[in-house]
Protein chains: 2
Amino acid sequence: MSEADLLFKALADPSRRKLLDLLYAHDGRTLGQLCAHLSMTRQAVTQHLALLEGANLVAVVWRGREKLHFLNPVPLQQVYERWIRKFERPRLAALDALKKGLEGDEP
Amino acid sequence: MSEADLLFKALADPSRRKLLDLLYAHDGRTLGQLCAHLSMTRQAVTQHLALLEGANLVAVVWRGREKLHFLNPVPLQQVYERWIRKFERPRLAALDALKKGLEGDEP
DNA sequence: TTGATATGCAAGTAATTACTTGCATATAAT
DNA sequence: ATTATATGCAAGTAATTACTTGCATATCAA
């Protein structure tokens, strides 16, 4: 699976986006701390986090028996480069023209 | 379903992202033209496009029996505002510190 | 008006995804 | 040592998603 696929799939779920927000608000949380904010089992959260790790959006450090989670914003920058910046503005002129009834193929 | 949910779900599928790319390369294509680039049935493509429309990423205009598809980049800008800009850089300092063995909770 | 083209609608199947339950292991606290 | 805490692993279920097949409708061309 491509890097972009992993990324977009990771972002596709509201719970996973919430996890990113939680880490944004306070980086380095343990699994247990993250679980406290979501109403699902610890396992479910673990699986969401695994996906985020797979997309390289979250990095992990063990401290004793605790697993600390850190946000990695780099892949999001790549989304911007590939998917946002590229699509910036100019568009929709053609649509407007059509809607105004020009309806043609010719200039 | 929230607007953001629709958006991220729409972007989660590679075929749908390909459709956006196709429209970026050449806006205003018909359904048939789009189908020619994907190896799945017309119905499948229709369903993908419906999702993109639902996320407001694609707008449609009928010309006779043809359905023309246009890219709308505005929602992508919103993704940027909410999900990229916000997460810009500073991060990961805490992680680096930990990895270097400071391992502490205190400043 | 007949036939071909462009598309829609609806129900079904197959694959994937989100989430759970149950048990196991390792670190920490007493 | 014993118990409690923090987490992992694995298999199962339920829901969702991607895609198909079959038939219907509307526009265009001859």
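Just so it is clear: chains get the letters A, B, ... in the order the sequence lines come, proteins before strands, and each one is counted from 1.
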Student: Using C1' atoms of five pairs at each end, report the bend of the helix from C/dT1-D/dA30 to C/dT30-D/dA1 rounded to 10 degrees.
Tutor: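 Answer rounded to 10°: the end axes differ by 30°.
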Student: Check whether any side-chain nitrogen or oxygen of B/H48 sits under 4.0 Å from OP1 or OP2 of D/dC19, and answer yes or no.
Tutor: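 Affirmative; the distance criterion is met.
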Student: Find the distance A/R42:CZ to C/dT25:C1' and express it as a whole number of Å.
Tutor: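 Computing the A/R42:CZ to C/dT25:C1' distance gives 11 Å.
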Student: Got a sec: does the CD of B/Q33 have more than 12 other heavy atoms crowding it under 6.0 Å?
Tutor: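 Atom CD in B/Q33 is packed in, count exceeds 12.
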Student: Rounded off to whole Å, could you give me the CZ-to-P distance for the B/F8 and C/dT17 pair?
Tutor: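 These atoms are roughly 18 Å apart.
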Student: Could you state the CZ-P distance from B/R63 to C/dA6, rounded to the nearest angstrom?
Tutor: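 One finds 12 Å between P of C/dA6 and CZ of B/R63, rounded.
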Student: Is B/R17 paired with A/D5 through a side-chain N to carboxylate O contact shorter than 4.0 Å?
Tutor: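 Yes, this pair counts.
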Student: Send over the distance from B/L52 CG to D/dT17 P, rounded to a whole Å.
Tutor: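 Checked: the CG to P distance equals 14 Å.
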Student: Taking atom P of D/dC19 as reference, at what distance in whole Å does atom CE of B/M40 sit?
Tutor: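 Rounded to whole Å, this separation is 4 Å.
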Student: When rounded to the nearest 0.5 angstrom, what is the spacing between CG in B/L68 and CZ in B/F70?
Tutor: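 That separation rounds to 5.0 Å.
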Student: What's the separation between atom CG in B/L23 and atom CZ in A/F87, rounded to the nearest 0.5 Å?
Tutor: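 The CG atom of B/L23 sits 8.5 Å away from the CZ atom of A/F87.
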Student: Would you kindly give the NZ-to-P distance between A/K67 and D/dT5, to the nearest whole Å?
Tutor: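 So the two atoms are 21 Å apart, to the nearest Å.
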Student: Roughly, in whole Å, what's the span from CD in A/Q43 to P in D/dT13?
Tutor: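 So the CD-P distance, A/Q43 to D/dT13, works out to 17 Å.
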Student: Please confirm whether the shortest side-chain N or O distance from A/T46 to OP1 or OP2 of D/dG8 is below 4.0 Å.
Tutor: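 A/T46 to D/dG8 OP1/OP2: side-chain N or O found under 4.0 Å.
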Student: What is the distance, rounded to the nearest whole Å, between atom CH2 of A/W62 and atom P of D/dT7?
Tutor: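 After rounding, the gap between these two atoms is 7 Å.
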Student: Less than 3.5 Å between a donor and an acceptor, one on the side chain of A/R65 and one on the base of D/dG8, is that the case here?
Tutor: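 Counting by modelled atom types and ignoring angles, no donor-acceptor contact under 3.5 Å is found here.
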Student: Is a salt bridge present between B/K67 and B/E53, judged by a nitrogen-to-oxygen distance below 4.0 Å?
Tutor: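 Here B/K67 pairs with B/E53 in a salt bridge, since their nearest N and O are under 4.0 Å apart.
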Student: Is B/T41 near enough to D/dT20 that one of its side-chain N or O atoms lies under 4.0 angstrom from OP1 or OP2?
Tutor: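 Result: yes.
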Student: Would you kindly say whether B/R16 and B/H48 are connected by a side-chain donor-acceptor distance under 3.5 Å?
Tutor: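 Present: a donor and an acceptor within the cut-off.
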Student: Does B/L51 belong to the same Ile/Leu/Val/Met/Phe/Trp/Tyr cluster as A/L11, with side-chain heavy atoms less than 4.5 Å apart forming each link?
Tutor: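 Different clusters: B/L51 never reaches A/L11 through Ile, Leu, Val, Met, Phe, Trp or Tyr contacts under 4.5 Å.
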Student: Any base atoms under 4.0 Å from A/E66, or only sugar-phosphate, or nothing? Heavy atoms, all strands.
Tutor: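 Result for A/E66 = sugar-phosphate.
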Student: Is any side-chain N or O of B/Q47 under 3.5 Å from a base N or O of D/dT20, one able to act as donor and the other as acceptor?
Tutor: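 Side chain to base: pair found, below 3.5 Å.
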Student: On DNA chain C, nearest-nucleotide positions of A/V45 versus A/G64: which is more 5'?
Tutor: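 Its nearest nucleotide being more 5', the pick is A/V45.
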